[in-house]
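Quick notes on the structure that follows.
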Amino acid sequence: KAVQESVKAESGKDFMLTEKYGYVHSCPTNLGTGMRASVHIDLPGWTANGVETLKVRCEELKLQPRGTRGESGGQTGITYDISNKHRLGYSEVELVQCMIDGVNTLYAEDLALQKKHGL
């Protein structure tokens, strides 16, 4: 409440609140479920193939690859944090299932890439 009063006093504006969505933040992923499901997985085949190719493949699978250090921590090693790319407009079940299906696909493809690269 103190923050809200301070913002209103300084800017003359109040926080946006709706019955349907609650408080509306500057980041639209905080609307709706905003759910991010993720898994850490070793992908040595994709790493050998090139991180950019992994990013392209994740885009096709509606996934988002990150390093294990978080959104801006960068990538190190062969372990990735893979999550659903979409956050809004889908149910929790759809978001989690998309992540599960996509990670299973990446893993199967990684095994083939490991053979290709002699890993």
Side-chain angles (χ1 to χ4, degrees):
K1 185 162 176 129
V3 171
Q4 183 176 6
E5 290 171 358
S6 174
V7 167
K8 190 167 185 173
E10 188 172 314
S11 69
K13 298 178 182 175
D14 208 347
F15 291 127
M16 187 173 180
L17 175 65
T18 69
E19 285 185 32
K20 184 174 180 179
Y21 297 114
Y23 283 99
V24 179
H25 303 267
S26 61
C27 180
T29 61
N30 290 326
L31 296 173
T33 65
M35 184 174 170
R36 177 182 180 271
S38 70
V39 66
H40 284 192
I41 184 170
D42 289 348
L43 297 172
W46 278 108
T47 303
N49 208 53
V51 175
E52 289 306 313
T53 61
L54 174 61
K55 289 179 181 178
V56 169
R57 184 63 175 129
C58 283
E59 182 72 28
E60 294 168 353
L61 296 170
K62 301 176 185 166
L63 299 174
Q64 182 178 46
R66 296 180 180 179
T68 56
R69 294 182 178 179
E71 190 171 344
S72 58
Q75 175 56 32
T76 59
I78 61 169
T79 306
Y80 297 84
D81 178 324
I82 306 291
S83 63
N84 53 298
K85 180 177 179 180
H86 300 291
R87 309 284 197 266
L88 300 174
Y90 300 91
S91 72
E92 292 90 340
V93 171
E94 290 172 309
L95 294 173
V96 172
Q97 194 62 58
C98 177
M99 188 271 303
I100 291 169
D101 293 344
V103 167
N104 283 333
T105 298
L106 288 175
Y107 178 72
E109 293 170 349
D110 189 75
L111 293 176
L113 288 168
Q114 286 180 51
K115 287 181 184 176
K116 175 184 171 185
H117 294 289
L119 302 175

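No experiment lies behind these values; they were computed from the predicted model shown.
Tyr107 and Val56 end up in different hydrophobic clusters when Ile, Leu, Val, Met, Phe, Trp and Tyr side chains are linked at under 4.5 Å. When the side chains of ILVMFWY residues are joined at heavy-atom separations under 4.5 Å, either directly or via intervening members, Ile41 and Leu111 end up in a single hydrophobic cluster. At a threshold of 4.5 Å between side-chain heavy atoms, the hydrophobic network of Ile, Leu, Val, Met, Phe, Trp and Tyr places Val39 and Met35 in one connected group.
In this structure, Lys85 and Leu63 have side chains that are not in contact, with every pair of non-hydrogen atoms separated by 4.5 Å or more. Counting heavy atoms from C-beta on, the side chains of Arg87 and Gln64 come closer than 4.5 Å. Side-chain contact check for Lys55 versus Pro65: some heavy-atom pair is nearer than 4.5 Å. Here the side chains of Leu106 and Cys58 are in contact, with some heavy-atom distance below 4.5 Å.
Interatomic distance, Ile100 CD1 to Thr105 OG1, rounded to the nearest 0.5 Å: 12.0 Å.
Salt-bridge check for Lys8 with Glu5: failed, with every basic side-chain N at 4.0 Å or more from each acidic carboxylate O.
Looking at residues two or more places apart in sequence or on another chain, you find a ring pair (Phe, Tyr, Trp, His ring centres under 6.0 Å) between His86 and Tyr90. A search for salt bridge (Lys or Arg N to Asp or Glu O under 4.0 Å) contacts involving Lys62 returns nothing, not counting sequence neighbours.
More than 12 heavy-atom neighbours from other residues, nucleotides or ligands sit within 6.0 angstrom of CD on Glu60.
Pairing each heavy atom of Leu54 with each of Tyr80, the nearest pair is CD2-CE2, 3.5 Å. Between Arg36 and Ser83 the shortest heavy-atom distance is NE-OG, 3.3 Å.
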Exercise for the section: Evaluate the side chain to side chain contact (heavy atoms under 4.5 Å, CB included) criterion for residues Asp42 and Thr79: first the C-alpha distance (whole Å), next the side-chain angles of each, then the deciding distance (0.1 Å), finally the verdict. Expected result: CA-CA 4 Å; Asp42 289 348; Thr79 306; 2.4 Å; yes

Give the table of side-chain donor-acceptor pairs shorter than 3.5 Å for residues 112-119, with sequence neighbours excluded, one pair per line with atom names and distance.
unit_1 : atom_1 : unit_2 : atom_2 : d
Gln114 : NE2    : Asp110 : OD2    : 2.6
His117 : NE2    : Asn49  : OD1    : 3.0

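Between the Asp81 side chain and the Arg66 main chain, no donor and acceptor come within less than 3.5 Å of each other. For the pair Asn84 (side chain) and Glu94 (backbone), a donor-acceptor distance under 3.5 Å is absent.
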